[in-house]
Amino acid sequence: MQDTLRTRMGWLHAWVGFAAGLVLFCVFATGCLAMFDTELTRWLQPEVPPQTGQFSPRSLDHVLPAVQDLIAQGEKPFITLPSVRDPYLRLQHHDGYEFLTVPYNPQTGDRLTARATAGGTFFYNLHYTMRSGIYGETIIALAGLALLVTIGSGIIIHLKGLVSDLTLLRPFAARLRAWLDVHVVASVPFLPFIILMAYSGTFIRARTLFPPVSYTTSIENTFRTSVPSGPEVPEKPTARPVAPLPPLAPILSEAEQTLGAGQVGFILFLPQSILVSRTDASGPLLTREHVDFSPIDSHVLRHVLLPSPITHTQQLLDGLHYARWTGPGMRWLYFLSGAMGAVMFASGSVIFLMKRRRQSGHRLVFRIAEGLAIGSIAGFPIATLGFFWANRILPVGLPDRPFAEGHVFFAVWALSALAGLGWSILYRPFQGWKIQLCCLAVLGLLLTPLDVATRPGITLFHVPTVFAATDMVALVLALISFQVARRL
Amino acid sequence: MLPEVPTETPSRRSASRAPSPARRWLWRALLGLALAWTAAHFITLGSPKWGPGARHDATIFGQMIAIAAFPVLLLVAFGTRSPLRGSIIAGAVCLVAILAVTLRF
């Protein structure tokens, strides 16, 4: 191999890309799903009727007893107000893994009977933590840095033929050539999006990689917080009496005088204050401007807005990454771009393996790498569909149902990865790919019948279209995976 | 008459045994990683000193620069024809970042 800029960059692109690509495939796929987390929650709670009445601020007071229960358990609950995307009041809290949500009627404040679910936010949490807390955040932030390096080296490799390669897609050419075309076509048109997401995503989690203190201090702080020097702290905070909370309608009205009418997104209940925060849908800047009230007599404590140019830049990056201010068209564009990013990682990993199969195919390390690729590229979508299936099949009254859905997801994923590793180690990787892709196709194809069979009050033409859209995406995924399995 | 083959010319067989540069590239990549990471870390660490406004703003500004600088420095340190030149460029940035933390101005 000659030592030129192109070969050097090709080597870096391949190895860094493959090492981080399997994680990044899952990050981009979950990012796509997180784009529609609110809508997916509606698919996952089919009992909630599609239409409801106008929001009445007095309905908030009917939610207060449930809020107080959660505060007594040591949680930090918040109520999200109705919006264009979701017309319901929702009481939410984070249980350490995901946001649990209970819907309420926005007009009367009555609790709606709906199955407990991890909801669409399951994928949002998975997107940036992999359900592993700070360790998961660090790994994903590292993968983000690796993505920036991979993009840079990829641009240098393709610099000369960047435009000409774009017009080349030869799906019936030799396999390696065809996969390379897919890789280029999936990545080059979406490069601005991928660079934006890589940079803003890594920046959002920058504190995990580049803390503003030295690493020694940072590690010391970690140990200091994780190992208490005093008596042992119980894992679950004990229930404690909570003073009655003040009525929320006057608080909302006063907050709207500062934030603007209809600009309140959620009300967060902390031990010392009630935060009324601006909606994330108000504009590209994710300001999280909030007015704080006393939980005792509801007087205004403070108004928090960070107005400096640097903070505005940060808020813009956050806003562009989360895209909560966008309409459905832009969200679909984000979804498509994210899906193309996932295709880019999948095709890149396949190319990496194909190029090395002849020389290193007999090595155990190669076999493990291919097994992991099967577990990631085919296994992750299977696990995702498994999550949707579990939501509809598990008994509605099952205790800890949201956890059970998550467990099904991870069990299916682990099973898929183990099967992929097994087939690969037994020198039958193609069989592993084909079986898993066929499983994916079957699960995707049958999601629509499952939805129709298990959704209460189904009609042929229904509003909203979240059910139809979810089923259609699963169908398209099924057809693509079937075609890929056929062509392998 | 067959032409004489000089003994110094490598045969096809010996040419195929030429060592792969991958091992050398691995070391270069690790060196580039170390330099780029150090520079990014010290940029963040020093930003409250030279950054704008409040400490919070300065830290954010430092992190913005660090994340943008990291891939650029790694690619420069790894990509230049001469390994020494790339390392010197990345090392110089690293040194400036360290000096910005340690020097009082």
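We name chains A, B, ... by the order of the sequence lines, and we start the count at 1 in each one.
With rounding to the nearest 0.5 Å, the separation of CD1 in A/Ile155 from NE2 in A/His13 is 10.0 Å. Rounded to the nearest 0.5 angstrom, B/Leu45 CG and B/Ile98 CD1 are separated by 10.0 Å. We find the CD-OG distance between A/Glu370 and A/Ser360 to be 12.0 Å, quoted to the nearest 0.5 Å.
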Evaluate the side chain to side chain contact (heavy atoms under 4.5 Å, CB included) criterion for residues A/Leu270 and A/Leu268: first the C-alpha distance (whole Å), next the side-chain angles of each, then the deciding distance (0.1 Å), finally the verdict. CA-CA 6 Å; A/Leu270 297 175; A/Leu268 173 65; 4.1 Å; yes
Decide yes or no on side chain to side chain contact (heavy atoms under 4.5 Å, CB included) for A/Leu12 and A/Arg8, but give the supporting numbers first. CA-CA 6 Å; A/Leu12 192 71; A/Arg8 273 197 302 279; over 6 Å; no
Stepwise side chain to side chain contact (heavy atoms under 4.5 Å, CB included) test for B/Leu35 and B/Leu73: CA-CA 8 Å; B/Leu35 289 172; B/Leu73 288 175; over 6 Å; no
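For B/Ala36, no part sits under 4.5 Å from any heavy atom of chain A, backbone or side chain. Within the 4.5 angstrom heavy-atom criterion, only side-chain atoms of B/Ala29, from C-beta onward, approach chain A. Contacts between B/Ala22 and chain A at a heavy-atom distance below 4.5 Å involve backbone atoms as well as side-chain atoms. Heavy atoms closer than 4.5 Å to chain A are found in the side chain of B/Leu74, but not in its backbone. Proximity to chain B involves both the backbone and the side chain of A/Leu209, based on heavy atoms less than 4.5 angstrom apart. Of the two parts of A/Thr150, neither the backbone nor the side chain holds a non-hydrogen atom closer than 4.5 Å to a non-hydrogen atom of chain B. Only the side chain of B/Phe70 has a heavy atom closer than 4.5 Å to any heavy atom of chain A.
Within a 6.0 Å sphere centred on CH2 of B/Trp37, other residues, nucleotides and ligands contribute more than 12 heavy atoms.
Residues of residues 80-97 of chain B that come within less than 4.5 angstrom of chain A, heavy atom to heavy atom, are B/Thr80, B/Arg81 in numerical order. Taking non-hydrogen atoms and a 4.5 Å limit, the residue list of residues 348-357 of chain A in contact with chain B is empty.
Remark: the A/Ser277 side chain and the A/His290 side chain contain no N/O donor-acceptor pair separated by less than 3.5 Å. For the residue pair A/Ser308 and B/Asp57, a side-chain donor N or O sits within less than 3.5 Å of a side-chain acceptor on the partner. Between the side chains of A/Thr129 and A/Ser132, no donor N or O sits under 3.5 Å from an acceptor N or O. For the 3.5 Å distance criterion, the side chains of A/Ser200 and A/Asp318 fail to qualify, holding no donor opposite an acceptor.
Listed options A/Ile156, A/Val149, A/Thr313 were ranked by heavy-atom pairs under 4.5 angstrom with chain B; first place goes to A/Val149. Top candidate by heavy-atom pairs under 4.5 Å with chain A, chosen from B/Ile43, B/Val72, B/Ile67, is B/Ile67.
Between A/Ile139 and A/Leu142, every side-chain heavy-atom pair lies at or beyond the 4.5 Å cut-off. Counting heavy atoms from C-beta outward, A/Tyr199 and A/Ile151 have side chains that stay 4.5 Å or more apart.
One finds a salt bridge joining A/Asp280 and A/Arg288 here, because a Lys/Arg side-chain nitrogen approaches an Asp/Glu carboxylate oxygen to under 4.0 Å.
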